[in-house]
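So the structure is just underneath, and the comments pick up after that.
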Amino acid sequence: MINWGIIGCGGIARRRMIPALSLCKESRVVAVMDVNKTAADEVAAEIGAKAYYTEADLLADPSVTCVYIATPVFLHKDQVFRAAAAGKHILLEKPIALSISDAEEMVAACKNAGIYLTEGYMMKHHALNCMAKDLVHSGGLGQVVYARAQLTCWYPDMPGVWRQDPKLSGGGALMDMATHSYDLLQYIIGSKVVEVFAYTANLTFKYPVEDSSTTLLRFENGAQATVEAFFNIPDAAGQGRMEIYGSRGSIQAEGTIGQMPGGKMVAYLSDDTKAYDPNQSHEAVDITVREMDFTPVNMYASEMDYLSTCVANEVRPDFCTGEDGLYVMKIAQAAYESSKTGRKVTLE
């Protein structure tokens with residue numbers, strides 16, 4: 001078992017990671033830290049860990065090998081620098097940083113310190129998303145030509161909320177949610193995004209970050225995609241849909257883009273793509289319909305255990321890495337640039 005510390009006992013840590021700890025097989029949290037002493041004490045008592053109130057004190061604890069940083073994005077850079085300097089391996093919540101330059105410095109600092117840095121784009125740990133990736137990479141869909149990913153929520157005006165302040169969050173619906181889909185689609189399709197065109201807007205709310213975004217992507221292998229991320233759609237109305245289309249079939253998924261381990265995925269696979277149907281029937285006899293059977297996996301436990309396994313085996317992570325997070329940041333910044341200029345942006 002690898003011993004962990006948690007920096008930040010609110011938000012995502014309290015809602016998702018803390019409840020997942022009992023499912024971890026390779027990880028054990030021995031210390032938690034929050035500047036809010038009540039939050040730190042409550043979480044520490046709940047899981048039987050030590051409570052700290054400063055990062056320095058937690059990072060000085062010799063029993064801690066890895067840290068999960070679950071704080072607002074504007075705090076990430078300094079906390080990663082301090083954790084790397086203290087020799088702690090890091091699982092960092094997304095997005096990685098406020099800017100590309102900050103992310104580059106963070107990745108470099110961890111590499112120079114010999115520290116493993118992974119990032120919490122946890123949807124790549126979802127069992128169905130992993131199955132979609134395997135089907136695509138095995139050639140089951142033939143040539144991937146198009147994908148669509150949707151992540152929405154209801155996030156109204158609230159005073160003092162850091163995600164609604166661009167100086168603290170780096171952006172709104174696009175930065176907070178579209179980046180999940182950028183990352184996930186690259187993983188499933190197996191190709192990097194090379195061109196971006198995007199729209200962003202404030203259609204419903206008055207905060208200074210966007211509540212609406214649509215992104216058009218082109219991948220290195222030629223596939224195209226659209227990503228929809230909105231803060232102004234009621235939670236129950238958005239179903240977290242994902243669609244992947246190829247020359248031999250498609251994947252249709254619901255509920256695999258989000259924070260929960262469930263959902264549904266159906267593959268429509270063709271054994272004969274040579275014949276032309278002038279009627280373009282959607283009930284063609286050459287299509288096999290297969291609903292994916294799966295065992296749900298807690299994504300938060302899985303991402304913590306992944307880094308623990310890498311540390312235990314002294315193997316550098318090649319999944320959900322800091323470098324992956326840096327590239328997603330480049331896609332997001334290209335999308336913001338496109339939304340301002342009305343032009344497509346090519347990633348270098």
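What you see is a predicted model; the values in this text were computed from it and never measured.
For the atom pair CG (Asn129) and NZ (Lys133), the distance works out to 11.0 Å, reported to the nearest 0.5 Å. In this structure, Phe230 CZ and Glu210 CD are separated by 10.5 Å, a value rounded to the nearest 0.5 Å. If you take CD1 on Ile47 and CD1 on Ile6, they are separated by 5.0 Å, rounding to the nearest 0.5 Å. To the nearest 0.5 angstrom, Lys206 atom NZ is 11.5 Å from Asn202 atom CG. Taken from CZ in Arg248 to OG1 in Thr288, the straight-line distance is 10.0 Å, to the nearest 0.5 Å. Separation of atoms OG1 (Thr226) and CG (Leu216) is listed at 7.5 Å; rounding is to 0.5 Å.
At least one side-chain heavy atom of Ser181 sits under 4.5 Å from a side-chain heavy atom of Ile257. Considering only heavy atoms from C-beta on, Leu58 stays 4.5 Å or farther from Lys88 through its side chain.
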Apply side-chain contact (heavy atoms from CB on, under 4.5 Å) to residues Val194 and Thr346 and explain how you reach the verdict.
CA-CA 6 Å; Val194 293; Thr346 300; 5.6 Å; no
Test side-chain contact (heavy atoms from CB on, under 4.5 Å) on Val266 and Val289; report intermediate values, then the result.
CA-CA 7 Å; Val266 180; Val289 180; 3.6 Å; yes
Can Cys9 and Asn36 be said to form a side-chain contact (heavy atoms from CB on, under 4.5 Å), step by step?
CA-CA 8 Å; Cys9 294; Asn36 182 327; over 6 Å; no
Test ring-ring contact (aromatic ring centres under 6.0 Å, His included) on Phe205 and Trp154 and set out the steps.
CA-CA 10 Å; Phe205 302 119; Trp154 184 255; 5.1 Å; yes
Is there a side-chain contact (heavy atoms from CB on, under 4.5 Å) between Gln150 and Val227 once you walk through the steps?
CA-CA 6 Å; Gln150 173 201 73; Val227 169; over 6 Å; no
Can you list the steps and then say if Asp176 with Lys94 is a salt bridge (charged side-chain N to carboxylate O under 4.0 Å, His left out)?
CA-CA 8 Å; Asp176 190 55; Lys94 43 65 58 182; 3.2 Å; yes
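For Gln186, the side chain to side chain contact (heavy atoms under 4.5 Å, CB included) partners are Lys192, Val193, Phe219, Tyr327, Val328, Ile331, not counting sequence neighbours. Among residues two or more places apart in sequence or in another chain, the side chain to side chain donor-acceptor pair (under 3.5 Å) test is passed with Ser250 by Gln252. Every residue two or more places apart in sequence or in another chain that forms a side chain to side chain contact (heavy atoms under 4.5 Å, CB included) with Met292 is listed here: Leu128, Met131, Leu135, Met265, Ala267, Arg290. Partners of Tyr199 according to the side chain to side chain contact (heavy atoms under 4.5 Å, CB included) rule, which considers only residues two or more places apart in sequence or in another chain, are Phe197. Evaluation of the side chain to side chain donor-acceptor pair (under 3.5 Å) rule for Ser339 yields Thr200 as partners, not counting sequence neighbours. For Asp211, the side chain to side chain donor-acceptor pair (under 3.5 Å) partners two or more places apart in sequence, or in a different chain, are Asn232.
Applying the salt bridge (charged side-chain N to carboxylate O under 4.0 Å, His left out) definition to pairs two or more places apart or across chains, those involving residues 215-244 are Arg148-Glu228, Arg148-Glu243, Glu195-Arg218, Arg241-Glu254. Applying the salt bridge (charged side-chain N to carboxylate O under 4.0 Å, His left out) test to pairs two or more places apart or on separate chains, those with a residue in residues 35-60 are Arg14-Glu42, Lys50-Asp61, Glu55-Arg82. For residues 155-184, the ring pair (Phe, Tyr, Trp, His ring centres under 6.0 Å) pairs, not counting sequence neighbours, are Tyr121-His180, Tyr155-Phe231.
Note on Leu98 and Met106: separate hydrophobic clusters, where clusters join Ile, Leu, Val, Met, Phe, Trp and Tyr whose side-chain heavy atoms are under 4.5 Å apart, directly or indirectly. Neither Val136 nor Ile287 shares a network with the other; the hydrophobic side chains, linked directly or stepwise wherever heavy atoms of I, L, V, M, F, W or Y lie under 4.5 Å apart, form separate groups for each. Follow the hydrophobic side-chain contacts under 4.5 Å out from Val43 and you never reach Tyr53; the two are in separate clusters. The hydrophobic clustering, which links ILVMFWY residues whose side-chain heavy atoms are closer than 4.5 Å, places Leu269 and Val144 together. Taken together through direct or relayed side-chain contacts under 4.5 Å among Ile, Leu, Val, Met, Phe, Trp and Tyr, Met122 and Tyr116 form part of one hydrophobic cluster.
Under a 3.5 Å cut-off, the side chain of Ser302 and the backbone N or O of Asn298 do not form any donor-acceptor pair. In this structure, the side chain of Ser338 engages the main chain of Arg343 through a donor-acceptor pair within 3.5 Å. Using a distance-only test at 3.5 Å, with no hydrogens or angles considered, no donor-acceptor pair links the side chain of Gln164 to the main chain of Val209. Listed for the Thr321 side chain is no donor-acceptor partner under 3.5 Å among the backbone atoms of Pro317. Of the possible donor and acceptor atoms, one in the side chain of Gln239 sits under 3.5 Å from a partner among the backbone N and O of Ala236. Side-chain N or O atoms of His126 include none that pairs as donor or acceptor with a backbone N or O of Pro296 at under 3.5 Å. No donor-acceptor distance shorter than 3.5 angstrom exists from the side chain of His89 to the backbone of Ile115, with no hydrogens or angles considered.
Of all the heavy atoms in Leu91 and Gly120, the pair that sits closest is CD1-N, 4.0 Å. For the pair Val196 and Ala335, the tightest heavy-atom approach, listed with the atom from each and the gap, is CG1-CA, 3.6 Å. Shown here for Asp34 and Ala39, the closest heavy-atom pair between the two residues is CG-CB, 4.3 Å. Minimum interatomic distance between Cys110 and Val80 (heavy atoms only, all atoms of both residues): SG-CG1, 3.7 Å. Looking at every heavy atom in both residues, Ser191 comes nearest to Asn221 through OG-N, 3.0 Å. The two atoms that bring Tyr187 and Cys130 nearest to each other are OH-SG, 3.7 Å, heavy atoms only.
Heavy-atom neighbours of Met1 CE from other residues, nucleotides or ligands within 6.0 Å: above the threshold of 12. Atom CG of Asp293 has 12 or fewer heavy atoms from other residues, nucleotides or ligands within 6.0 Å.
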Name every donor-acceptor pair, under 3.5 Å, that has one atom in a side chain of residues 64-75 and the other anywhere in the protein, sequence neighbours excluded.
residue, atom, partner, partner atom, Å
Tyr68, OH, Glu93, OE2, 2.7
Thr71, OG1, Gln79, OE1, 2.6

Could you go through residues 18-27 and list every donor-acceptor pair under 3.5 Å that involves a side-chain atom there, pairing it with any protein atom two or more places apart or in another chain?
residue, atom, partner, partner atom, Å
Ser27, OG, Met304, O, 3.4
Ser27, OG, Asp305, OD1, 2.7
Ser27, OG, Ser308, OG, 2.7

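Under the 4.5 angstrom side-chain criterion for Ile, Leu, Val, Met, Phe, Trp and Tyr, the cluster partners of Val145 are Tyr146, Tyr245.
Between His125 and Tyr300, the gap from one ring centroid to the other reaches at least 6.0 Å.
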